[in-house]
Amino acid sequence: MRLGKAAGTPDGDELVVVAPLALEARSVRRGLPGGHVVRAAPQARRAERVAAALRDRPARPMAIAGVAGALVDGPRPGDLVVADEVRSPQGTHKCRSAPLLATALRQAGLTVHVGPVLESDHLVGREDRTRLSSDGAIAVDMESARLLDLAGSRPTAVLRAIVDTPARPLLHPATVPGGVAALRSLRAAAPALRRWAAATGDRKVLLAGPRSFCAGVERAVEIVERLLERHEPPVYVRKQIVHNSRVVGELEQRGAVFVDELDEVPENATVVFSAHGVAPAVRQTAEHRELDVVDATCPLVSKVHGEAKRFARDGNTVFLIGHAGHEEVEGTLGEAPERTVLVERPEDVEGLEVEDPERVSYLMQTTLALDEAEDVVRALRERFPALRGPGSDDICYATTNRQEAVRGVARDSDVVLVAGSGNSSNSRRLVEVAQREGAAAYLVDDVGEIDPDWLAGAGTVGLSAGASAPTALVDEIVDVLAGLGAVDAEERTTTTETVNFSLPKEVRFP
Ligand code: 10G
Ligand code: SF4
C-alpha cells in the first residue's frame with residue numbers, strides 16, 4: 001500500500017550523501033559501498049555540484065555527513081551527533097526524523113547525541129563555546145545550514161562526528177587523534193544512513209480513534225496534579241499512578257514520589273493509590289499507619305472489586321480472568337483471596353478444582369483483549385455450565401473502543417505503531433490486536449524506540465495509543481514520520497467517548 005513516491009528504494013543510489021571535505025567523503029564512501037556521496041563545501045562551485053546531484057535525484061533523501069566540534073561537555077571525540085535542528089543566522093532547519101537515524105546508529109553500537117547543531121562561518125575557540133551553547137546547541141559545524149538550503153522539500157538528516165570538545169579545542173595536541181576517531185566513526189555510521197533513507201517516503205497515516213487517555217487515567221493524573229498544586233511536595237503515590245513512563249516522569253519532576261509499598265511513606269503523609277486499585281489489606285495498612293489516603297482507583301475497577309465481594313459473599317468460587325502479577329489483578333484478588341482463582345488462559349480451565357460447581361462465577365481484568373477473554377469464558381462455561389458472570393462487562397469501555405479502533409486501522413496498514421509503555425497491559429493488547437489483523441505492530445514508549453526498518457516500504461502506517469499514553473507522544477511520532485516524507489493523515493474514529501468521572505472529595509477544592 002503506497003502513496004506517491006515509494007517508501008524505501010534500496011537500489012544502491014537511494015540517497016545523496018553530502019560530505020563537505022575530501023577526507024569526510026572518503027570515510028563515508030568506505031562505509032557505504034555503492035552509495036552516492038558528493039564532496040562539497042558550500043563554496044559557489046561546489047554548491048553547484050551538490051545542487052546538480054540533487055537535481056538528478058529529485059526524490060532522493062539527502063544526508064549531510066561530516067565532522068564537528070562539541071559545544072558542551074559530554075560528547076567525546078569520535079562520538080556522533082545527529083542534528084534535530086540546524087541553526088544559522090538565516091534561520092532554523094528542523095530535522096524531524098533525527099530520532100530514527102539516532103536509533104539506527106545506536107543499534108550499530110555507536111555513541112550518539114541528538115540535539116541542535118549551529119552553523120558558524122569561522123572556527124570556534126574555547127571561549128565562544130559556552131556562549132554558543134547557551135540556547136541548547138550541542139555542536140558546531142561550518143556548512144550544514146547552507147547545504148540544507150539546497151535540499152528543497154526532500155527528507156534530510158545531518159550526521160556529525162566530533163573532533164574537538166570544550167576541553168580539547170582545535171589546535172590542541174589531541175586534535176589529530178580526535179580527527180582520526182571522528183573519521184572512523186563516520187565510516188562506521190554510514191550504513192545507518194542507508195537504513196534511515198530506506199525508511200523515507202511519502203505515506204498515509206491512519207489515526208485510530210479513540211486513542212490515548214481514558215477517563216480513569218484523566219482522573220488519576222488530575223488527582224496527583226491537584227495535590228501537587230495544593231500541597232508542598234512530596235506527594236507520595238503508591239505504584240505508578242498509571243503505567244506510562246512519561247506521565248510518571250513528568251509528575252516526578254513536579255514533586256510526586258512514587259513508592260512500591262506503604263512502608264516507604266512517612267507517618268501522616270498524603271499517599272495516592274494508583275488507578276489500578278489496591279487490595280483491602282493495603283487500605284488497612286494505610287489506616288493503621290494513619291496515612292492521608294487519596295484514592296485514584298478508577299471507578300470501573302472499583303466496580304469489579306464490588307462484584308468480587310458480592311460473589312464471594314454468596315459462597316461462589318470466583319474465577320478472575322487476568323494476568324498474574326498485574327497490579328489490578330493483585331488488587332481484585334485481594335478482595336476475597338480464599339475464594340478467588342486466577343485464570344490466565346483457556347488451557348488453565350481443565351485443571352481447576354472447585355468446592356461447588358453450581359456456585360461459580362467469573363470476573364475480568366478491565367484491560368484484557370476481548371477475543372482472548374471470551375475464549376477463556378467459553379472454556380469455563382463448557383466445564384461449569386452454572387457459571388455466572390458480572391452484571392455488565394468488566395472489560396471497560398475504553399479498552400473495548402481502543403481495540404475496535406486499532407483493529408479497523410490495522411486492516412489497512414502495513415505497520416501499526418502503538419504509543420505506550422512496556423508495562424501497560426492495555427497498550428500491549430492493542431499491539432497484539434493489530435498483529436492478529438495481519439499488520440506488523442510495535443509498541444513505542446518514545447520516538448527513539450522506532451526502528452527505521454519497521455517503516456521501510458510501509459506506505460500506510462496505523463497509529464494508536466494506550467489508555468495511559470499521552471497524546472503528545474502520538475504527535476511526536478507523526479512529526480518523525482513527517483520528517484521522512486509527506487504525511488497524509490486520516491482520523492479513523494469508530495466512536496466518540498463522553499465518559500467522565502468525578503474527582504474524589506479530597507481534591508475538590510473550592
Ligand atoms: O493497561 P494497564 O492495566 O497496565 O494500565 P495503564 O496504566 O497502562 O492504563 C490505564 C489502565 C488502568 C489504570 C487499568 S484499569
Ligand atoms: Fe478505568 Fe478502563 Fe481506563 Fe482502566 S482502562 S482506568 S478501567 S477507564
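As the structure lists them, so they are numbered: ligands from 1, and atoms in each ligand from 1.
- Taking the charged nitrogens against the carboxylate oxygens, Arg345 and Asp348 do have a contact shorter than 4.0 Å, which makes a salt bridge.
- By the 4.0 Å N-to-carboxylate-O rule, Glu307 lies close enough to Lys303 to be salt-bridged with it.
- Close approach of ligand 1 to Val301 (heavy-atom distance below 4.0 Å) involves ligand atoms 15 (S).
- Ion pairing between Arg246 and Glu476 holds under the 4.0 Å rule for side-chain N and carboxylate O.
- If you check the side chains of Asn423 and Ser421, you find no donor sitting under 3.5 Å from an acceptor.
- Only side-chain heavy atoms of Thr367 come within less than 4.0 Å of ligand 1; its backbone N, CA, C and O stay farther off.
- In the vicinity of Asn423, heavy-atom distances shorter than 4.0 Å reach the ligand 1 atoms 4 (O).
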Working for salt bridge (Lys or Arg N to Asp or Glu O under 4.0 Å), residues Arg254 and Glu225: CA-CA 9 Å; Arg254 293 167 60 182; Glu225 285 175 343; 3.5 Å; yes
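- Of all atoms in ligand 1, listed by their number and element, those nearer than 4.0 Å to a heavy atom of Ser425 are 1 (O), 2 (P), 3 (O), 4 (O).
- Classification of Arg402 and Glu497 as a salt-bridged pair holds, one side-chain N sitting under 4.0 Å from a carboxylate O.
- Taking a cut-off of under 4.0 Å to the non-hydrogen atoms of Ser424, the atoms of ligand 1 that pass are 1 (O), 4 (O), 6 (P), 8 (O).
- Side chain to side chain, Ser212 and Thr471 fail the donor-acceptor criterion of an N or O pair below 3.5 Å.
- Residues Phe384 and Phe319 place their aromatic rings such that the two centres sit under 6.0 Å apart.
- The pair Glu222-Arg226 meets the salt-bridge criterion, with a side-chain N (NZ, NE, NH1 or NH2) lying under 4.0 Å from an Asp/Glu carboxylate O.
- Taking every non-hydrogen atom of Val217 and a distance limit under 4.0 Å, the qualifying atoms of ligand 1 come out as 10 (C).
- Closest protein heavy atom to atom 3 (O) of ligand 1: His326 NE2, 2.9 Å.
- When each atom of ligand 1 is checked for a heavy atom of Thr366 under 4.0 Å away, the hits are 15 (S).
- Using a non-hydrogen distance threshold of 4.0 Å, Ile241 does not register as a contact of ligand 1.
- At a 3.5 angstrom cut-off on N or O pairs, Asn426 counts as close to ligand 1.
- Around atom 1 (Fe) of ligand 2, the protein contributes the following N, O or S atoms under 2.8 Å, ordered by chain and number: Cys298 SG.
- Looking at His243 next to ligand 1, an N or O pair under 3.5 Å apart turns up.
- For ligand 1, the polar-atom distance check finds an N/O of His276 within less than 3.5 Å of one of the ligand's N/O atoms.
- A salt bridge is absent between Lys94 and Asp479: the closest approach of a Lys/Arg side-chain nitrogen to an acidic carboxylate oxygen does not fall below 4.0 angstrom.
- Note that CZ of Arg76 and OG of Ser185 are 11.5 Å apart. Values are rounded to the nearest 0.5 Å.
- Close approach of ligand 1 to Val242 is summarised as follows: ligand atoms under 4.0 Å from at least one heavy atom of the residue are 7 (O).
- A salt bridge does not link Asp260 with Arg238: none of the charged nitrogens is closer than 4.0 Å to a carboxylate oxygen.
- Classification of Asp263 and Arg289 as a salt-bridged pair fails, no side-chain N sitting under 4.0 Å from a carboxylate O.
- Near Tyr397, with a cut-off below 4.0 Å to any heavy atom, the atoms of ligand 2 are 8 (S).
- The Glu328 neighbourhood of ligand 1 comprises atoms 14 (C), 15 (S), with distances under 4.0 Å to a heavy atom of that residue.
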